[in-house]
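Comments concern the structure below.
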Number of protein chains: 2
Amino acid sequence: MLLANEQPVTAADKTFILLRDDIVEGRIVAGSKLSETELSTKYAVSRAIIREAINRLEACHIVERKANVGARVVALSQQGLIELYQVRESLEGMAARLAAVNMTHEEIDDLMGLLKRHFDEIKDGQSYYQEAGDVDFHYRIILGSKNKHLISMLFDGIYHLVRMYRVQLGMAGPRVTTAYDEHKHIVKAIANRDAELAEMLMRRHIMYSKNSIEAKLS
Amino acid sequence: MLLANEQPVTAADKTFILLRDDIVEGRIVAGSKLSETELSTKYAVSRAIIREAINRLEACHIVERKANVGARVVALSQQGLIELYQVRESLEGMAARLAAVNMTHEEIDDLMGLLKRHFDEIKDGQSYYQEAGDVDFHYRIILGSKNKHLISMLFDGIYHLVRMYRVQLGMAGPRVTTAYDEHKHIVKAIANRDAELAEMLMRRHIMYSKNSIEAKLS
DNA sequence: TATTGCTATATTGTCGACATAATGATGCTT
DNA sequence: AAGCATCATTATGTCGACAATATAGCAATA
């Protein structure tokens, strides 16, 4: 699935996305230094383009930069993952709360349809659910919040980092069936326009997910 | 009071801060277009510097940019304010929750001292409390969360926007004494290490603040 | 008169070169 | 031999110029 509706138009846009994906997918290792000149030859653009891309990556917290020294890809740590999920719990909880108020009936119906497709896939034993389906589910609810800041923070910022942890610490894996039930209850709360419950269930859902990942790391 | 410990070293840093403050304080009007050449003469730097500053402002959601067209200062709207406070409620609620767990005893003592000074100032009828004191109070709790993402999102992003709304829609004003009581209870919850209550109280506190501002706008 | 296509202009996007600060090596001093 | 100062090198920061794109104005046509 394609992230947000970001259609790169300028060279800086394209380079930003290329570089970001190379980092998130681990082709550029976490913690490594980003040399502007090196990258400019690698991606065949001028240093100015690379600088703009790096600046944007810094805003996403994917790289850290020190003045007159350079930029490094962030290092992954258990502490970092925990902090990330704390923010996710907070923001996505609020997203679910707002979605319960702001989603249209059609959007809710679509969400239910998505859930049903997931159910069928699970029955058939397909378990690529986690990566694509789970993300898709969360996306719709976040969009359903209709809150620009929330949407941007999660899509442009948090989610790429989450993905980076997922890919590089290698966590496809289970929690599929239980996650499905949690999703179902969240949708039900949203359909009932129960904002309070929707937020609570979403927060629990993300907490469980965090705990599951943490368990694997230990 | 000075925002975070940002000490600009490069020219782009300085220009970024200058430009940001000019926008936040309303010296550059909301919704207006930002011409790169114009700004580069105004701030006496090259266009590259201005471009970098604008890029950073875009990351803060203070300006919006369209490719090959240019950047505009965001427009202020009641809807925008509401969305901003929804995010604030979410993030600062989580910050209070984490602060209840992660703040040291010394930090909590300091926070109590700050609260006491505020109390004395209120008694003396000084009411610059709102601007400086309130911000300071919230800052300490956010820092107390010890969560890098949370801190960065609020300090580098949300707070400048909140300030922009405060300044430009002209809301110094009351809610001082009631806010003081709310602050007191939040600190008490943190001191008792009651994370759940701290979060709830902080969320209510921000909701009340939002309601108060909304009432003024109508 | 409204609309469409072209052109001129102004603004943004991109580039290569120069300025400046950090880093590591080299040699000197104690 | 260890530590410090100096210098060369390398990378980042900054700049002005050129290229590409959007916008406004004008003219021509239906």
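First the proteins, then the strands, lettered A, B, ... as listed; each starts at 1.
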Q. For residues A:His118 and A:Asp134, is any side-chain donor paired with an opposing acceptor at under 3.5 Å?
A. no
Q.
Just N and O in the side chain of A:Arg51: are any of them under 4.0 Å from OP1 or OP2 of D:dT12?
A. no
Q: Establish, from distance only, whether the side-chain atoms of B:His160 and B:His61 form a donor-acceptor pair under 3.5 Å.
A: no
Q.
Using the rule given for side chain to side chain donor-acceptor pair (under 3.5 Å), can you reason through A:Tyr85 versus A:Asn211, listing the C-alpha separation, both sets of side-chain angles and the distance that settles it, and then say yes or no?
A. CA-CA 10 Å; A:Tyr85 267 74; A:Asn211 291 340; over 6 Å; no
(Q) With a 4.5 Å cut-off on side-chain heavy atoms, are B:Tyr165 and B:Ile213 touching? (A) no
(Q) Please report the distance, rounded to the nearest Å, between CD in A:Glu52 and C1' in D:dT12. (A) 17 Å
Q: Look at the side chain of A:Val69 and decide which nucleotide, out of D:dC15, C:dA22, C:dC15, has an atom nearest to it.
A: C:dA22
Q: To the nearest Å, give me how far apart CD (A:Glu58) and C1' (D:dT12) are.
A: 14 Å
Q: Can you figure out which of C:dT12, C:dG13, D:dG13 approaches the side chain of B:Ala67 most closely?
A: C:dG13
Q) Rounded to the Å, how far apart are A:Ile50 CD1 and D:dG13 P? A) 14 Å
Q | Phosphate-side-chain proximity, A:Lys66 and D:dG13, N/O vs OP1/OP2 below 4.0 Å | A | no
Q. Is there side-chain contact between A:Met94 and A:Arg203, with heavy atoms separated by less than 4.5 Å?
A. no
Q | Contact under 4.0 Å: A:Thr10 side-chain N or O vs C:dT14 OP1/OP2 | A | yes
Q: Could you tell me the separation between the NZ atom of B:Lys33 and the P atom of D:dA24, rounded to a whole number of Å?
A: 11 Å
**Q.** Separation of D:dA11 P from A:Asn68 CG (nearest whole Å)
**A.** 14 Å
(Q) Heavy atoms only, 4.0 Å cut-off, all strands: where does B:Ala48 land among base, sugar-phosphate and nothing? (A) base
Q | A:Glu36 CD to D:dA11 P, straight-line distance once rounded to whole Å | A | 11 Å
Q) Could you state the CZ-C1' distance from A:Phe16 to C:dG13, rounded to the nearest angstrom? A) 17 Å
**Q.** Whole-Å distance separating the CZ atom of A:Arg47 from the C1' atom of C:dC18
**A.** 11 Å
Q.
Heavy atoms only, 4.0 Å cut-off, all strands: where does B:Leu34 land among base, sugar-phosphate and nothing?
A. sugar-phosphate
